[in-house]
Enquirer: 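My questions all concern the structure below.
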Amino acid sequence: MCRMKLMSLACFVLLSALTVATGAGSSELYREDFEHPTGWGLSDVGWTGVYNGGSSGGLHTTDSGTANAAWVWHADNVPDGYECLIYTNECTVDASAYPGVEFSWDMRMNYNGTTPAVSLAVKVNGSWYVFKTAATTSSRPDFVTFSVTYNPAQQNWDTLNASTAGRGPAAAGDLSGDITAFGLYSGTGPVGGLDCTAEYDSFTVKARTCDFNIDGEVNFSDFARLAGAWLSGLGEPDFNDIYDYHDDDTIDGSDLGIFANYWLDQPVHITVDANNIIRDISPMLIGYNMSYYHDTDALWADGNIANYLSQLDTGILRYPGGEETSYFHWEYPGADGYHDIWEPNPSNWWYADPCQARDFEGYMNTDESG
Amino acid sequence: MKAVDPNIKIIVNWRPEADHAEWTTLIQQAGAYFDIADVHFYYDWGLANWDTWLNQNPMRNKNQWHDGPTYKEEIEQFHINAASLGYDIKMTSLEWNIAPNESVHHSVFQHALMQSEMLGQFIEGGLSMACLWPLIWDVGDEEFRSILNQNTYTPTPVFEIHKMYSEVLGHRVVQSSTDISHVRPVAALSLDGKTVWLYLLHKSGEGMTFNTNIQLDGFAPDSVQAVSLTANNLNDDDGVLVNPTVEMGAGPGLWRCTLPPHSLTMITFTKN
């Protein structure tokens, strides 16, 4: 559903110590948001429910698609441990040449038991990636938002135990591929925990970029912003996380090195193949709804409206209109349909004077003569 | 009716979600008796929001009851479904627009730009007919925006958007793709093969231009020109037409265009 290809940007290092103004540019050049339509829940385009288990330690391999999840032990191609997951339809991300990709999701769950630690997990290309971000947690009757940043420079995820066959890669260069699940993972499982309920509100994929001002180029303007934060650390006024590619809470040479790899490239943003004809374009895509009683003759008398329609190569006019055709007077076309021409009492608001309406014969004769 | 007049074309209007199962039922049961399916597309009824739209790339057939795929995908899938059931039923949208939202003020320009993505998807998806609602009606400020101001009956930014897209009517869609989510392309080739139109909808900006690099394959133009509809201020109802520069890039088929913030740009490549 969400195919996102992240462009390649080539950079070059400028080692001159520029002291220039900085700006708080956004680091998001690419972003995909998947929000649950009702705020929280499971059923949504792109996402297909959670695994459902009746008790901890069970063996569950089927997707129930219900809202009742459990800490479950999966048998196929999943981490050794327990997880509470939202499963998705295919979502493809190509981050192979990008300085940073951030996944975040608003996921909530509750459960009765206690688990010593919870990590975040994303399943990409059939392999699980469990991130170091963890939270010691106990019984959660309320909900919590989880997020994680994937950083190719630091490779700050815990790869799964490579000694266990089919349990994920020992290392990875980037996190590109088809995302099919996200959620929470616990290596040891809950203590005394039974069922949990997991829901999501949104799942977001964002790409970090060196193009801080998002003008399509990585250039001096972007370098100036990085330079303005030079050697700043977390909590200091000049620090901004968008420059901290290395994710070590300091803007330093490691971040500049990554920035340099994206300098002054001219990436292709748009591709057009004139040899690849997809389909014909209908001549009737520019059209308008008429209103059988608002489009009065007086409005058209000077010819301006007809001229405007001609300028647009208008291919279709829909007459007598839309919903108001439910009140169309076949005997008196052009009469205001929201009033009743047969109503005898003029004091009623829906009364309409039939003398003001033209009957069908006169109406058609007029049009033909025109 | 067809027995009386075999040439008559019958249009059936049903649910505003072309992927709804009831359309399949309707085609199965009555597909032999109608020719055209009319699906009304009102974007995000009651909740249409500029900011939501900006972050929805690409735009989807979304409302409070249906969070569907893109309009392009719905149109394509409808035709596939009808064909699989044995019927050549064309899809149309005889009513479409950005739906009103009484709680948020949008300028006419904002609605025009939102409309432009819908219309671009109609072109790409192969819609047969489309009629904006309305041409003239008794509408309030926050209701449906049309090509004419409903008080002065003079052109609005919607008019300019439709005028730009009218260039490609009757021609052919060609393949285009984007690596950036906030620039949506639509490309077309003229029937005589001498013109390529490339529409680029720039959905972000925040006052910034965007330097777009374009790889144009299969066409060697002799000249190129561009026109953009943007706005000096998003709250202004009126748009502004400007002519951005299009330059040759560093390699074969490479072009470079600076897109104004929040804009629809039409680049016209022509050869003799």
Side-chain angles (χ1 to χ4, degrees), chain A residues 1 4-8 26 29-33 35-38 44-45 94 213-217 266-291 294-296 299 304-305 308-309 311-318 321-324, chain B residues 55 67-69 94-95 119 122-124 126-138 147-148 153 155 159 162-163 165-166 168-181 183 185 187-189 196 198 200 204 208-219 249-250 254:
Chain A
M1 290 301 299
M4 180 177 69
K5 184 169 184 178
L6 308 180
M7 67 179 181
S8 170
S26 167
L29 185 55
Y30 306 98
R31 180 175 180 137
E32 296 276 356
D33 291 303
E35 297 179 356
H36 193 278
T38 60
D44 189 14
V45 173
D94 180 358
N213 61 2
I214 312 183
D215 64 355
E217 292 180 325
Q266 288 197 355
V268 172
H269 303 122
I270 307 293
T271 302
V272 178
D273 184 358
N275 290 325
N276 189 354
I277 295 173
I278 306 298
R279 58 172 53 91
D280 293 338
I281 302 171
S282 168
M284 293 189 286
L285 289 181
I286 300 292
Y288 305 96
N289 275 276
M290 312 288 284
S291 167
H294 282 113
D295 286 323
T296 61
L299 290 177
N304 284 340
I305 294 177
Y308 293 137
L309 294 176
Q311 288 182 45
L312 298 178
D313 287 335
T314 302
I316 179 172
L317 292 174
R318 183 178 182 229
E323 180 191 83
E324 64 189 36
Chain B
N55 289 308
D67 196 11
L94 296 183
E95 288 186 33
L119 190 49
F122 294 170
I123 290 170
E124 285 205 300
L127 199 67
S128 291
M129 294 185 282
C131 289
L132 186 78
W133 174 269
L135 175 63
I136 294 169
W137 203 48
D138 183 19
I147 59 170
L148 301 177
Y153 304 105
F159 179 91
H162 288 211
K163 189 173 183 181
Y165 275 121
S166 70
V168 300
L169 299 182
H171 297 286
R172 296 168 295 185
V173 176
V174 295
Q175 189 275 335
S176 64
S177 60
T178 179
D179 278 1
I180 41 180
S181 59
V183 177
L189 174 69
V196 166
L198 175 60
L200 297 174
S204 69
M208 300 291 295
T209 58
F210 186 77
N211 300 306
T212 310
N213 298 305
I214 303 157
Q215 178 71 50
L216 174 60
D217 295 324
F219 193 87
L254 275 176

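Note on naming: letters A, B, ... go to the chains in the order of the sequence lines (proteins, then strands), and numbering restarts at 1 for each one.
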Enquirer: Identify the two heavy atoms, one from B:Ser166 and one from A:Leu312, that lie closest to each other, and give their separation to 0.1 Å.
Expert: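 Minimum heavy-atom contact is CB-O, 3.2 Å.
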
Enquirer: Of all of B:Ile147, B:Leu200, B:Val183, B:Leu148, which one pairs up most often with chain A through heavy atoms under 4.5 Å apart?
Expert: B:Ile147

Enquirer: Find the distance between CZ (B:Phe219) and CG (A:Asn275) and round it off to the nearest 0.5 Å.
Expert: 10.5 Å

Enquirer: Quick one: closest heavy-atom pair of B:Cys131 and A:Arg318, and the distance?
Expert: SG-CB, 3.9 Å

Enquirer: In terms of heavy-atom proximity below 4.5 Å to chain B, should A:Asn304 be classed as side chain, backbone, both, or neither?
Expert: neither

Enquirer: Quick one: closest heavy-atom pair of A:Ala274 and B:Gly218, and the distance?
Expert: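 For A:Ala274 and B:Gly218, the tightest heavy-atom pair comes out as CB-O, 3.7 Å.
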
Enquirer: Is it the side chain or the backbone of B:Leu198 that comes within 4.5 Å of chain A heavy atoms, both, or neither?
Expert: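 Contact with chain A is through the side chain of B:Leu198 alone.
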
Enquirer: Under 30°, 30 to 60°, or over 60°: which ring-plane class applies to A:Tyr308 and B:Phe159, parallel, tilted or perpendicular?
Expert: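 The arrangement is perpendicular - the two ring planes meet at more than 60°.
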
Enquirer: Tell me if a side-chain donor or acceptor on A:Asp280 pairs with a main-chain N or O of B:Arg172 at a distance below 3.5 Å.
Expert: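 Pair absent, no side-chain N/O of A:Asp280 close to backbone of B:Arg172.
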
Enquirer: What part of B:Val196 lies closer than 4.5 angstrom to a heavy atom of chain A: side chain, backbone, both or neither?
Expert: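 Answer is side chain: those atoms of B:Val196 sit under 4.5 Å from chain A.
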
Enquirer: Can you measure from CG (A:Leu285) to OG (B:Ser128) and round to the nearest 0.5 angstrom?
Expert: 8.0 Å

Enquirer: Can you tell which of A:Ile316, A:Asp313, A:Leu309 has the highest number of heavy-atom pairs within less than 4.5 Å of chain B?
Expert: A:Ile316

Enquirer: In terms of heavy-atom pairs under 4.5 Å, which option from A:Leu299, A:Ile305, A:Ile278 contacts chain B the most?
Expert: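 Among the listed options, the one with the most contacts to chain B is A:Ile278.
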
Enquirer: What distance do B:Met129 atom CE and A:Ile286 atom CD1 have between them, rounded to the nearest 0.5 Å?
Expert: 14.0 Å

Enquirer: What closest approach, in Å, do B:Trp133 and A:Gly322 show between heavy atoms, and which atom pair accounts for it?
Expert: CZ3-N, 3.4 Å

Enquirer: Could I get the full list of side-chain hydrogen bond (donor to acceptor under 3.5 Å, both in side chains) partners for B:Asp217, not counting sequence neighbours?
Expert: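 B:Asp217 satisfies side-chain hydrogen bond (donor to acceptor under 3.5 Å, both in side chains) with B:Gln215 once adjacent residues are dropped.
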
Enquirer: When rounded to the nearest 0.5 angstrom, what distance separates CD1 in A:Ile270 from CG in B:Asn213?
Expert: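 Those atoms lie 9.5 Å apart.
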
Enquirer: Is there a side-chain contact between B:Pro185 and A:Val272 in this structure, where contact means two heavy atoms from C-beta onward sitting under 4.5 Å apart?
Expert: no

Enquirer: Pick one of side chain, backbone, both or neither for B:Leu189, based on which atoms fall under 4.5 Å of a heavy atom in chain A.
Expert: side chain

